[in-house]
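Note sheet for the following structure.
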Amino acid sequence: MSVAQRVHELRRQRPRDRFLRGSLVLLAAVVIYAWFGGDVRVTELFSERRAANLARFFGHDAMPRPLRDAEGGGGFGALLQWVGQVWREKGATGVGATFAIAALSIVLAGAYGLLTAPLASRTLMRCDPYLSSEDCAWWRSVSISFRLIAVALRAVPEYMWAFLLLAVLGPTAWPAVLALAVHNAGILSRLGAETVENLPRRPLAGLRRLGASRSQIAVSALYPLGLGRYLLYFFYRFETCVREATVLGMLGVVSLGYFVVEARARDRYDELLLLILFGAILVLAADFISWLARRWLRQAK
Amino acid sequence: MAHSFAAAAVLRGIDLRIGAGELLAVVGPSGAGKTTLLRILSGALFPARGRALVDGQCLADLLQGSREQRRQLRAHRSRLGFVHQDHALVPNLRVVQNVVAGRFGQRGLWRALRSLVRPDQGDSEEVLRVLERVGIGAKMFHRTDTLSGGQQQRVAIARALFQHPTALLADEPVASVDPARARALVQLLVAVAAEIGLTLVVSLHDLGLAREFFPRLVGLREGGVIFDGCGADLAQSEVDALYLLDGHDQGQA
């Protein structure tokens, strides 16, 4: 048998995963059905009436007021003036409130996640390297409880939390803050627990072996080893919070979303688009802050 | 003080007595059961059959016993220095923080927390002394993962010494360093143990090192003791039997 034949033969005998292949075929079938078989018709997007609506929207409704011919057709100066006016009257308040809601809620969620991550992780409930099996059952129940709480907190979308809390607390910023905090507390607790579970076992086993208690292991190994990764999750959720805080305004909390809904109610699509643009800039700024922090964390390891 | 181990029958009918202050090397091929034996001696693992006794007390009984007895087991572990193959330190802490952790088993949470933030004068001085003893005093405030593999192993030895141990167990402590550094590390372990009268049990791949530094050798193969005695008395046939490759290890032609 030649070398080429042997390679061919070995290749033919390589281990293959039937399940993986089967699921790929299934996935392809589902995608094709979703595009062409279901209620969503791709052709709907390109109907004539839709094209006319789009033309009207972009040609007139979305055109900033000072630039419209009917309003006197002011130039670039008038445009700037209009942008400044919308910013002063609504944008500044909306952007400020949105940022404040996001920052406050992520700090609350982050603190909860930081405290509960070691408790929710399977690492602490294992007997090995936590050799003394005496209180294993107790720690197992602690860990399962905290994981269940985390799952329950994040199972309800932040939008629903805010909806419920608005009914209880009234239209202040607090329903939004608490809704985001509660939902993200669940997420960060879970991600934190996973971070702890993925830590190298050896340093923990080493400490346990010299007689360190669970809490001592937490402060001397779990936090020092896991904090960097946890903060990556923290900043990622912060970005998400900024976006979500914008959307929650649509429920009536005073953030950017509130002004967006209000502009829509007055059919002021130009203003609406400008406010969305402010929101996008805020999100980009948050992304940038978070990117800087994460880059710094990666370098510090 | 009397300090002796007696382990029976987990690996395969092992009957071993280790006296206080004895220097002992466990040698044998990979998978012979060296790590298991050391884990049993350290009280991290309990034999499925037979008993492991320390100072006449059965470790497994302590675990099943009263709160007071479990506390004794923790105290036993805290006085037993263990050096792992891959040093098992917290890599992103400073050397001094890793070393003070050696006494966590004898302290509460707050004392431990404080010594991590800033060790007190007494601790600092003692940490420096043990670090100087293992030859890396200058690295006291360096981050542990900036040290070389051999230096990190010295930090691990310093942490074990900081425990004020009655015995030191080392599982393949030189498996990941080059031969010259391996020799220096083994020499250091033996010298330190002899100096303070520690019981020392080290598992090694390298029969040469074991013969050079240890008065007593225990050869393990497939879970059984092949020989137990002085290295000089070892016959060539016994050495061959210890490391003989079987068909699987050699791979197929």
Side-chain angles (χ1 to χ4, degrees), chain A residues 1 6 9-10 13 114-115 118-119 121 123-124 126-139 142 195-196 198-232 296-301, chain B residues 38-39 42-46 59 62-67 69-71 73-94 97-98 100-117 143-145 156 159-160 162-163 165 169 171:
Chain A
M1 201 187 275
R6 276 194 350 245
E9 191 62 20
L10 286 170
Q13 293 166 358
L114 198 62
L115 289 175
L119 295 172
S121 72
T123 308
L124 273 183
R126 284 163 51 100
C127 297
D128 180 49
Y130 307 96
L131 326 151
S132 34
S133 55
E134 71 255 37
D135 37 27
C136 242
W138 155 251
W139 281 106
V142 167
T195 306
V196 170
N198 290 334
L199 291 180
R201 293 241 176 255
R202 291 308 187 110
L204 315 185
L207 284 166
R208 188 61 185 171
R209 193 164 268 175
L210 55 81
S213 65
R214 285 181 171 83
S215 50
Q216 284 174 332
I217 291 173
V219 298
S220 66
L222 297 188
Y223 285 122
L225 285 172
L227 198 61
R229 174 139 289 269
Y230 180 75
L231 286 175
L232 293 183
W296 180 78
L297 278 168
R298 284 220 182 80
Q299 279 166 354
K301 227 168 96 182
Chain B
L38 261 74
R39 291 192 68 197
S42 75
L45 196 71
F46 304 104
L59 294 176
L62 286 182
L63 184 70
Q64 303 301 327
S66 65
R67 183 165 281 273
Q69 281 176 314
R70 292 202 302 259
R71 214 185 49 74
L73 183 65
R74 190 177 169 212
H76 161 67
R77 285 181 185 141
S78 77
R79 285 302 171 95
L80 202 91
F82 203 105
V83 178
H84 302 71
Q85 182 172 343
D86 52 2
H87 28 80
L89 301 164
V90 183
N92 57 353
L93 288 184
R94 293 178 196 281
Q97 291 170 314
N98 266 304
V100 289
R103 218 166 283 163
F104 277 5
Q106 297 148 42
R107 287 174 178 176
L109 173 63
W110 292 115
R111 184 90 198 275
L113 202 53
R114 226 177 52 209
S115 67
L116 281 175
V117 177
R143 240 177 80 144
T144 309
D145 54 7
R159 178 171 79 175
F162 192 71
Q163 285 174 248
L169 304 177
D171 184 18

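In this text, all values refer to a predicted model and were calculated from it rather than measured experimentally. In what follows, every chain begins at residue 1, and chains take the letters A, B, ... in the order their sequences are listed. All values below come from the heavy atoms of this structure, side chains included, with hydrogens, waters and symmetry mates left out.
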Which atoms of B:Arg79 approach chain A - backbone, side chain, both or neither, heavy atom under 4.5 Å: neither
Contact summary for B:Ala101 and A:Leu210, nearest pair of heavy atoms: O-CD1, 3.1 Å
Residues which pass ring pair (Phe, Tyr, Trp, His ring centres under 6.0 Å) with B:Phe104, listed by chain and number, not counting sequence neighbours: none
Residue from A:Leu225, A:Leu222, A:Leu199, A:Ile217 passing side-chain contact (heavy atoms from CB on, under 4.5 Å) with B:Val90: A:Leu225
Top contributor to chain A interface from B:Ser78, B:Gly105, B:Ala88 [non-hydrogen pairs under 4.5 Å]: B:Ala88
Exercise: identify the closest heavy-atom pair between B:Leu93 and A:Pro224: CD2-CB, 3.7 Å
Residue pair B:Leu116 / A:Gln216, side-chain heavy-atom distance below 4.5 Å: no
Choice from A:Ser220, A:Ala221, A:Pro200, A:Ser213 maximising heavy atom contacts with chain B below 4.5 Å: A:Ser220
Minimal non-hydrogen separation, B:Ser42 against A:Arg209, with atom names: OG-NE, 4.0 Å
